[in-house]
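This report refers to the structure that appears directly beneath it.
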Amino acid sequence: MQKNLVIVESPAKAKTIEGYLGKDFIVKSSFGHVRDLPSKDISIDIENDFKPKYVVPKDKKKLVDELRKIADKAETIWLATDEDREGEAISWHLMEALELSEDKVKRIVFHEITKTAILKAIETPRKVDINLVNAQQARRVLDRLVGYEMSPILWRKVKPSLSAGRVQSVAVRIIAEREQEIRSFTPKASFRVIGYFVNNEGKKIKAELDRKFDKWELADELLKKTVDSKFDVSSVESKPAKKSPVAPFTTSTLQQEASRKLGYSVAQTMTLAQKLYESGKITYMRTDSVNLSDLAMNEAENVITKSYGAEYAKRRKYTTKSKGAQEAHEAIRPVDLSEKDVNIDDGRTARLYDLIWKRTIASQMADAQLERTTLKISGNNIERVFVAKGEVIKFDGFLHVYLEGKDDAEEENEGRLPDLKVGDAMNADEINAIERFSHHPPRYTEASLVKKMEELGIGRPSTYAPTISTIQKRGYIEKKSTEGRKQKYRFGSMKDHSTSWIDKEENTGAEKNKLFPTDIGVVVNDFLVEHFKRILDYNFTADVEKQFDEIAEGEKVWFKMLNEFYKPFHADVENTMENSEKATGQRNLGIDPKTQKPILARIGRYGPMIQIGESTDEEKPKFASLREGQTIQDITLEEAIKLFDLPRVLGTFEDKDVIAAIGRFGPYVKVKSTFVSIKKDSELTPEEITLEQAMELYRNKLEEDKKKLISEFEEDATLKVLNGRYGPFIKFGKKNIRIPKGQEAEKLTYEDCVKIIKAAPEPKRKKK
DNA sequence: CAGTGAGCGAGCTTCCGCTTGACTT
């Protein structure tokens with residue numbers, strides 16, 4: 001048995017480190033936190049200095065037992081968890097859970113996984129920093145209090161199963177408020193004037209007037225003046241400029257760039273990066289640091305010098321700008337920078353690696369040297385000038401490898417401008433005045449939301465992706481694409497000494513994979529902002545982070561800080577629970593022409609819906625859920641009334657009604673007790689489908705089901721062996737049970753199946 | 001929860017941050 005046990009957080013890290021240390025060392029992983037507050041209740045003794053009740057979660061028990069056994073036999077236990085608040089807490093929890101005595105424990109830290117860094121760490125051990133641990137406890141307890149006291153208010157006042165929290169609720173607010181801005185935005189029209197000029201030698205140049213007109217009359221006036229204006233080049237100015245590379249990737253910038261350049265979702269990027277990490281191709285992918293190890297910088301210099309020449313190399317150290325960065329790791333970079341391509345079958349993973357390689361290499365390369373030229377053309381009877389801007393690359397530097405993508409379209413820059421001199425006479429081939437409209441602020445993408453969250457200091461590299469998926473799962477926001485709309489605009493032209501105006505049309509405003517708030521998101525956000533201003537404040541996290549830092553410095557007692565926070569917060573909780581109205585987002589659409597009853601749009605037990613009549617009426621009100629794409633804010637009376645056309649009875653089959661409707665999973669027909677989906681591409685709709693068409697869908701479905709059937713049994717009609725997406729399985733009532741390895745599905749007898757069912761573990765509850 | 005939305009009332013839902021497999025019909 002080894003004398004030394006080293007515990008790190010990640011198993012991949014453990015494997016690497018084990019190679020660096022001698023055989024006296026065994027390196028194990030804690031797989032993250034080993035203790036936490038149980039999820040069933042709040043588990044904090046508020047009266048007693050906010051004492052948390054920690055437990056070892058079920059799925060960690062085996063691991064903790066194993067670690068304890070090894071620790072008992074070891075002479076020294078080296079706690080090598082990350083050097084940040086959470087890492088320090090993991091070390092402390094390990095001491096508690098493994099019952100380690102302080103004299104056997106040494107706490108070590110390193111920011112990069114290199115042999116020198118680790119050996120140096122071993123030489124300079126310290127003790128677990130209890131102040132830092134307490135800062136983490138304060139963070140943990142505050143989040144639990146906020147989440148577990150606010151969420152039940154939503155269950156009561158809005159809808160069951162909703163959630164609220166320090167991070168997710170602010171993320172939803174960002175999306176909801178952007179949508180509000182967009183709604184109240186009115187586009188402003190203005191006219192851009194663009195001239196196409198040519199000199200005697202036939203050299204052509206495009207230049208834009210240095211002002212825009214907000215009135216048509218002014219644009220028209222200018223165009224008319226250009227009819228007999230004489231133009232010449234009035235100035236040419238060139239000056240050198242440079243561009244510098246951006247820092248290596250952090251989690252957040254990797255997510256943004258993979259979204260812009262490769263179109264990956266935030267979650268996708270993380271899954272692929274995890275694969276690269278586990279196969280030893282890249283460094284740790286959840287990091288807020290832009291730092292590169294000296295080893296990596298040396299290697300980058302070598303690779304660049306060899307591949308592109310020494311003039312392309314430039315060592316650079318970057319410093320992080322993001323709020324609350326804890327920098328426990330390196331930036332995300334290839335482990336071996338000389339490996340330009342990675343040999344992986346999956347193209348998506350390979351493309352992500354390529355991006356990381358280029359970004360890392362470019363970050364250690366020379367500036368690009370440019371020459372920017374501004375050329376002005378004046379007309380003899382025009383006060384304004386036409387301007388052309390050009391850019392020439394003198395030395396490409398880092399641009400040879402990589403250029404960061406942009407979220408919003410930039411002003412276009414021409415390449416090299418034609419060689420023209422001051423005084424050159426120019427002829428106006430054509431001058432156009434084009435009506436343009438200002439754009440509303442863009443909706444967020446997943447990645448730009450992460451960027452915003454990072455700026456506000458809410459969330460951490462390990463939680464960006466899960467948070468975005470949580471607020472989608474709760475139905476607060478959704479990812480959608482909009483088609484855009486037709487936009488008419490005026491187009492004026494001066495050509496051959498006369499001017500003319502025509503109307504043109506373009507498609508504008510189309511957006512792909514943007515985040516929209518749902519009705520529930522809007523209602524919940526309004527409710528929380530009204531009743532919990534402090535928590536929903538964009539600066540709340542930054543404020544409490546400052547106090548966590550004070551706790552970490554030993555300047556503040558953690559439970560006193562919590563007490564100051566909790567008193568007013570809990571008062572708000574009680575007050576809101578008792579005194580606030582139910583939040584339904586109710587909108588009165590008008591009167592139903594048929595029944596003369598009011599029609600309301602609001603949020604109900606199961607989401608947004610339309611209600612005809614009041615619940616106090618003698619006759620029960622009628623209800624219908626909103627369809628996809630409809631919102632309480634936008635739905636019209638006509639659209640609302642149409643929702644009550646379904647479900648439709650198409651006719652009968654074997655004495656049972658055949659029904660067409662739209663349900664949770666889209667349009668369907670129901671024949672006897674079988675539901676058949678109406679597929680999107682079938683051109684059938686539940687409003688128009690006939691009995692014959694429905695019966696055909698039904699017969700097709702029965703055919704399909706037959707193909708899936710491997711065997712069924714006389715003994716029990718509810719038990720079947722079927723072929724599914726993941727291979728054969730046993731269906732028993734509503735339960736699906738996998739067939740143990742080594743057994744052939746075709747040969748299973750009824751008795752075999754019963755045996756397998758009995759041996760099968762209880763299915764875990766699915767989280768919805 | 002593929003049909004619901006009042007009422008009866010119990011029992012359930014929920015946070016953030018650290019880590020991977022297990023699991024999916």
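Numbers restart at 1 for each chain; the letters A, B, ... are given by sequence-line order, proteins then strands. Reckoned from all heavy atoms, side chains included, excluding hydrogens, waters and symmetry mates. Small disclaimer: the values here were computed from a predicted structure and weren't measured.
The residue among A/Ile90 and A/Ile603 whose nearest nucleotide of DNA chain B lies closer to the 5′ end is A/Ile603. Looking at which nucleotide of DNA chain B each of A/Gln326 and A/Leu145 is closest to, the 5′-most match is held by A/Leu145.
Contact annotation for A/Ser677: base contact, defined as any heavy-atom pair under 4.0 Å involving a base atom. Nucleic acid contact for A/Ser163: sugar-phosphate only, since backbone atoms but no base atoms lie under 4.0 Å from a heavy atom of the residue. As judged by a 4.0 angstrom heavy-atom cut-off over every strand, A/Gln136 is placed among residues making no nucleic acid contact. Using a 4.0 Å heavy-atom distance criterion, A/Val167 is classed as a sugar-phosphate-only contact. Residue contacts shown for A/Gly607 include a base, since a base heavy atom lies under 4.0 Å away. Within the 4.0 angstrom heavy-atom criterion, base atoms lie near A/Arg144. Among the protein residues, A/Lys40 comes within range of the nucleic acid bases, having at least one heavy atom under 4.0 Å from a base atom. Residue A/Arg166 is classed as a sugar-phosphate contact, given heavy-atom separations below 4.0 Å to backbone atoms only. At the heavy-atom level, A/Gly87 lies nowhere under 4.0 Å from the strands shown. At a threshold of 4.0 angstrom between heavy atoms, the contacts of A/Ser29 with the nucleic acid are absent. At the heavy-atom level, A/Ala164 lies under 4.0 Å from the strands shown only through sugar-phosphate atoms. When heavy atoms are screened at a 4.0 angstrom cut-off, A/Leu162 is found touching the sugar-phosphate backbone but no base atom. If you check every strand for non-hydrogen atoms under 4.0 Å, A/Ser10 touches sugar and phosphate atoms only. Looking at heavy-atom distances under 4.0 Å, A/Gln168 makes contact with sugar-phosphate atoms alone, never a base.
Between A/Asp36 atom CG and B/dC16 atom C1' the separation is 9 Å, expressed in whole Å. We find that CE of A/Met453 is positioned 9 Å from P of B/dC16, with the value rounded to whole Å. The separation between A/Ile520 atom CD1 and B/dG5 atom P is 17 Å, rounded to whole Å. Atom CG in A/Leu528 sits about 13 Å away from atom C1' in B/dC15, given to the nearest Å. Distance A/Arg156 CZ to B/dA10 P: 13 Å, rounded to the nearest Å. Distance, A/Glu278 CD to B/dA22 P: 12 Å, rounded to whole Å. Remark: C1' of B/dT20 and NZ of A/Lys28 are 15 Å apart, rounded to the nearest angstrom. Atoms NZ (A/Lys159) and C1' (B/dC1) sit 11 Å apart, rounded to a whole Å.
Here A/Ser462 reaches the OP1 or OP2 of B/dC18: one of its side-chain N or O atoms lies under 4.0 Å away. For A/Arg85, no side-chain nitrogen or oxygen approaches OP1 or OP2 of B/dG17 to under 4.0 Å.
Within a 6.0 Å radius of CZ in A/Arg156, other residues, nucleotides and ligands contribute 12 heavy atoms or fewer. The environment of A/Lys597 atom NZ is dense: over 12 non-hydrogen atoms of other residues, nucleotides or ligands sit within 6.0 angstrom.
Of the candidates B/dG17, B/dT14, B/dA2, B/dT14 carries the atom nearest the A/Arg474 side chain, counting heavy atoms from C-beta on. Side-chain proximity of A/Lys620 to the nucleotides B/dT14, B/dG5, B/dG17 is greatest for B/dG5. Nearest nucleotide to the A/Pro11 side chain, out of B/dT19, B/dG5, B/dC16: B/dT19. In this structure, the nucleotide among B/dT14, B/dA2, B/dG17 sitting nearest to the side chain of A/Ser151 is B/dT14. Proximity note for A/Tyr284 (side chain, C-beta onward) versus B/dG17, B/dT4, B/dT19: the nearest is B/dT19. Comparing atom distances between the A/Lys670 side chain and each of B/dA6, B/dG3, B/dC15 picks out B/dG3 as nearest.
In this structure, the aromatic ring of A/Tyr148 is positioned over the six-membered ring of the base of B/dT14, centres within 5.5 Å and planes within 30°. In this structure, A/Tyr606 does not count as stacked on the base of B/dC1 under the 5.5 Å centre distance and 30° plane angle limits.
A heavy-atom distance below 4.5 Å is not found between the side chains of A/Ile332 and A/Tyr284. Side-chain contact between A/Arg68 and A/Val64 is present, with heavy atoms from C-beta onward closer than 4.5 Å. Side chains of A/Val524 and A/Tyr476 form a contact here, defined as non-hydrogen atoms less than 4.5 Å apart.
One donor-acceptor pair, N or O on each side, does fall under 3.5 Å between the base of B/dC15 and the side chain of A/Arg140. At a cut-off of 3.5 angstrom, the base of B/dC18 holds no donor-acceptor pair with the side chain of A/Arg286.
No side-chain donor from either of A/Asp572 and A/His531 sits under 3.5 Å from a side-chain acceptor of the other. In summary, the side chains of A/Glu83 and A/His111 do present a donor paired with an acceptor at a separation below 3.5 Å, with no hydrogens or angles considered.
B/dC12 and B/dC1: their C1' atoms are spaced 14 Å apart (whole Å). Nucleotides B/dA2 and B/dT25 have their P atoms positioned 15 Å apart, rounded to a whole Å. As rounded to the nearest Å, B/dA22 and B/dG7 have P atoms that lie 48 Å from one another.
The backbone N or O of A/Val671 sits nowhere less than 3.5 Å from a side-chain atom of A/Lys656 that would complete a donor-acceptor pair.
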